[in-house]
Amino acid sequence: MELPHLKQVAAVAFLAFVVFRILHKWWFRIKYDWHLIPGPQGYPLIGNLPQLVGWEKPQMHLAVTRLAKEYGKIFKAELPGIGRNLWVTDPEYLQNHITGHGNHGLPKAPLYKALRKLFTPTDNDGIFSTQEMNVRWKVVRKGVSKAFSVEALRAVFPHVLKKADELSDIIKATPVKEPIDVQPLLSRLALDIVGLAGFRIDFKALQDKDCRLFEALMFCSTDMFISTANPFRGMVKWLFPTGKLAQDCKKMYSQLHSEYEWILGELRGRGEPSADDLSLWACLMRLKDPESGAPLDDEAIRPEVATFVTGATDTTAHQIMWVLFIIAALQEVQQKIEAEMKDSGLFQRLRDGSVNRVTYADIAGLNYLLMVVKEGMRMFPVVPLGSVRMTTKDGERVYGYRVPKGTLVNAAFHPLYNAPWLWEEPERFIPERWSNQAPMEASDVEARPEKKSASRRFWAFSDGPRDCVGQRLALMELYTVLAVLLAKFEIRLADRMCGWEGVASRQYNAMALSIDGGMWLNFQPRIDNA
Ligand code: HEM
């Protein structure tokens, strides 16, 4: 029998492919409204990668904000390896249908699962990576929430103050004229604070330059973020298992997991926590398996411990860094905070290092500082790409459009904070825009860091039942560290940062919004007796 000519076979296959593509497109158009959703034109194979991911440094949040301004409250984009994405910049819709309460919200996207490797060598989920709000997640969330109650946080405040003082001492020991890169320093501080406040363990990352937990955490978080955004990194590791990248990763992940194992051993070694202990470690140790009623075993607790250490470190550190940058760059803002602290008598007490004489209620009573922090978090949210959820039903409607199952729906905070339909002059730093929302009573900020309302505007900690469970601790750190530093130093942006514009142009996406080349500040110790 004569074999058909190769060219004929190729032509038929090509024709079949073209017909299949046309039929598929036609079927897709009938079944879904994808073609009706506004968004930039994609390219074959690479989708919308060029419009969303910069070539020099990843500034995807800025690109998403630009596109939201161009296309409005919903737009679509496709990313290779990640899939179909929608970005919605309508807070009320997001609250009611995407991140929302009760049964209105959507589950987290599968990309959260990738983070598990940061927490544990096994495939066990922790509170952050669990996609669905299952029974286990509910038990953990309810159990640990007690560790962030007003009462529990009062007990951890002295630890936060102590570490802020330790940071001041390190800064004081640096020659005055030398600028300091606060980016790594604040990460060390935040790691120490979660260690002491959450687990009563001093990791000593501020003092010990060779802190193994810090080293491994920084390496692995960076690797994890790049690997999630860039599938080629994983391929390189897989193809060249003896190469430097694969070997470094192997070493650092195992170092990280062994550090978590050590922490768990320390916690277990303490035996049963007392009934009135509200610290995070005590709350974790008390958790029970919802099915058996037995205490959670090591496999289940390890990712939870690791999640809190990871989740509390770079986020809080970088948020302090961005607000500190603003305060250093805008001297009039710094002077106003100083005046507010002098009026309240806090200025002098914080400078004395008189830990016992300052309460969190005193610091939380600094209304102007609170507004500066909120406005700083609006302009530089450290999780600028926000929360990513996923549709679970085929043909589910998002913002009125029918979309395929598995479509990712992004509640990105940077566009929410810069949408012209939500803010007047969003590009300007105006702390007073929060004056209506800023709580007036110190007890109020302690109890409710943010008042919730239907048109809630503060998105830095996300929204709904999966919002940040540690937000009260994070705010306590922000207010306290800033107040202590401002009481002790006059802070200026180092010349090498090239002003506000220079800094803004060097922001980039990492686990938390970072700055390329470091954040260099000058600290001048205050010597007056104000
Ligand atoms: C300024 C600092 C912080 C920021 C901006 C921040 C932001 C966030 C955001 C946006 C989420 C939701 C993520 C999503 O939906 O994808 C989240 C969740 C979470 N955060 Fe934070 N966070 C901060 C500090 C902390 C601290 C200090 C802790 C713990 C001590 C913490 C623990 C968690 C945990 C466990 C979750 C998962 C909650 C759940 O899914 O039920 N975070 N955080």
Side-chain angles (χ1 to χ4, degrees), residues 94 98-100 105-115 118-119 125-134 136-145 147-148 152-153 156 159-160 186-187 189-199 228 279-281 283-284 303-324 373-374 376-378 380-390 408-414 416-417 449-450 458-482 511-513:
L94 288 170
I98 308 298
T99 52
L106 295 179
K108 283 185 167 180
L111 51 93
Y112 288 83
K113 288 227 169 272
L115 295 174
L118 259 187
F119 310 140
D125 270 316
I127 178 173
F128 185 80
S129 61
T130 308
Q131 281 184 266
E132 302 278 351
M133 289 182 277
N134 55 25
R136 166 71 69 84
W137 171 83
K138 281 187 187 142
V139 166
V140 177
R141 176 92 193 193
K142 194 167 170 219
V144 298
S145 293
F148 302 103
L153 285 183
V156 307
H159 299 303
V160 180
L186 290 169
S187 292
L189 169 85
L191 177 59
D192 276 359
I193 291 181
V194 68
L196 264 189
F199 304 104
T228 316
S279 65
L280 183 57
W281 86 267
C283 292
L284 284 170
E304 305 298 356
V305 170
T307 295
F308 280 98
V309 172
T310 318
T313 301
D314 256 7
T315 45
T316 318
H318 283 83
Q319 199 62 78
I320 299 174
M321 178 189 84
W322 286 108
V323 182
L324 202 54
V373 167
K374 265 189 175 175
M377 292 177 90
R378 182 190 71 78
F380 296 97
V382 287
V383 190
L385 294 167
S387 299
V388 192
R389 303 289 190 255
M390 183 186 73
L408 302 189
V409 186
N410 293 266
F413 307 156
H414 196 270
L416 273 167
Y417 277 153
E450 179 49 43
F458 192 69
W459 276 80
F461 295 110
S462 197
D463 165 67
R466 301 300 297 268
D467 70 351
C468 178
V469 72
Q471 57 187 285
R472 281 193 193 132
L473 174 62
L475 288 174
M476 176 189 272
E477 289 185 46
L478 269 147
Y479 301 147
T480 308
V481 173
L482 291 169
M511 234 17 161
L513 187 70

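Because the structure is predicted, anything quoted here is derived from the model rather than measured. Numbering of ligands and ligand atoms starts at 1, following listing order. Each residue takes its place number in the sequence, starting with 1.
Looking only at side-chain heavy atoms (C-beta outward), Arg466 and Arg389 come within less than 4.5 Å of each other. Counting heavy atoms from C-beta outward, Phe461 and Val383 have side chains that stay 4.5 Å or more apart. Using a 4.5 Å heavy-atom threshold, the side chains of Leu478 and Val323 count as touching.
Near Arg466, with a cut-off below 4.0 Å to any heavy atom, the atoms of ligand 1 are 12 (C), 39 (C), 40 (O), 41 (O). Atom numbering of ligand 1 starts at 1 in the shown order; those under 4.0 Å from a heavy atom of Ile127 are 35 (C), 39 (C), 40 (O), 41 (O). Of all atoms in ligand 1, numbered sequentially from 1 with element shown, those under 4.0 Å from a heavy atom of Val382 are 5 (C). Taking a cut-off of under 4.0 Å to the non-hydrogen atoms of Asp467, the atoms of ligand 1 that pass are 38 (C). For ligand 1, the atoms sitting less than 4.0 Å from at least one non-hydrogen atom of Thr316 are 1 (C), 2 (C), 24 (C), 27 (C), numbered in the order shown with element in parentheses. For ligand 1, the atoms sitting less than 4.0 Å from at least one non-hydrogen atom of Ala460 are 5 (C), 7 (C), 10 (C), numbered in the order shown with element in parentheses. Using a 4.0 Å cut-off to heavy atoms of Trp137, the atoms of ligand 1 that qualify are 39 (C), 40 (O), 41 (O). Ligand-side atoms of ligand 1 in range of Phe413: 10 (C), range being under 4.0 angstrom from any heavy atom.
Contact record, Leu153 with Ala147: CD2-O, 4.2 Å, taken as the closest heavy-atom pair.
Aromatic ring pairs are classed by plane angle as parallel below 30°, tilted from 30° to 60° and perpendicular above 60°; the pair Tyr417 and Phe458 is tilted. Taking the six-membered ring where the residue is Trp, Trp459 and Phe413 present tilted rings, their angle falling between 30° and 60°.
Remark: distances from the non-hydrogen atoms of Phe148 to ligand 1 include one below 4.0 Å. Lys108 counts as a contact of ligand 1, since one of its heavy atoms falls under 4.0 Å from the ligand.
Where the criterion is an N or O separation shorter than 3.5 Å, residue side chain and backbone included, Arg141 meets it with respect to ligand 1. Considering both main-chain and side-chain atoms, Glu477 never comes within under 3.5 Å of ligand 1 through any nitrogen or oxygen pair. Residue contacts with ligand 1: Tyr112 is placed with a nitrogen or oxygen under 3.5 Å of a nitrogen or oxygen of the ligand (distance criterion only).
Protein N/O/S atoms closer than 2.8 Å to atom 21 (Fe) of ligand 1: Cys468 SG.
Tested against Val382 for a side-chain contact (heavy atoms from CB on, under 4.5 Å), the candidates Met511, Met377, Gln319 yield a single pass: Gln319.
If you check the side chains of Asp467 and Ser462, you find no donor sitting under 3.5 Å from an acceptor.
Note that CD of Gln471 is 11.5 Å distant from OG1 of Thr316, once rounded to the nearest 0.5 Å.
At the top of the distance list for atom 13 (C) of ligand 1, counting protein heavy atoms only, stands Phe128 CE1, 3.8 Å.
A salt bridge is absent between Lys108 and Asp125: the closest approach of a Lys/Arg side-chain nitrogen to an acidic carboxylate oxygen does not fall below 4.0 angstrom.
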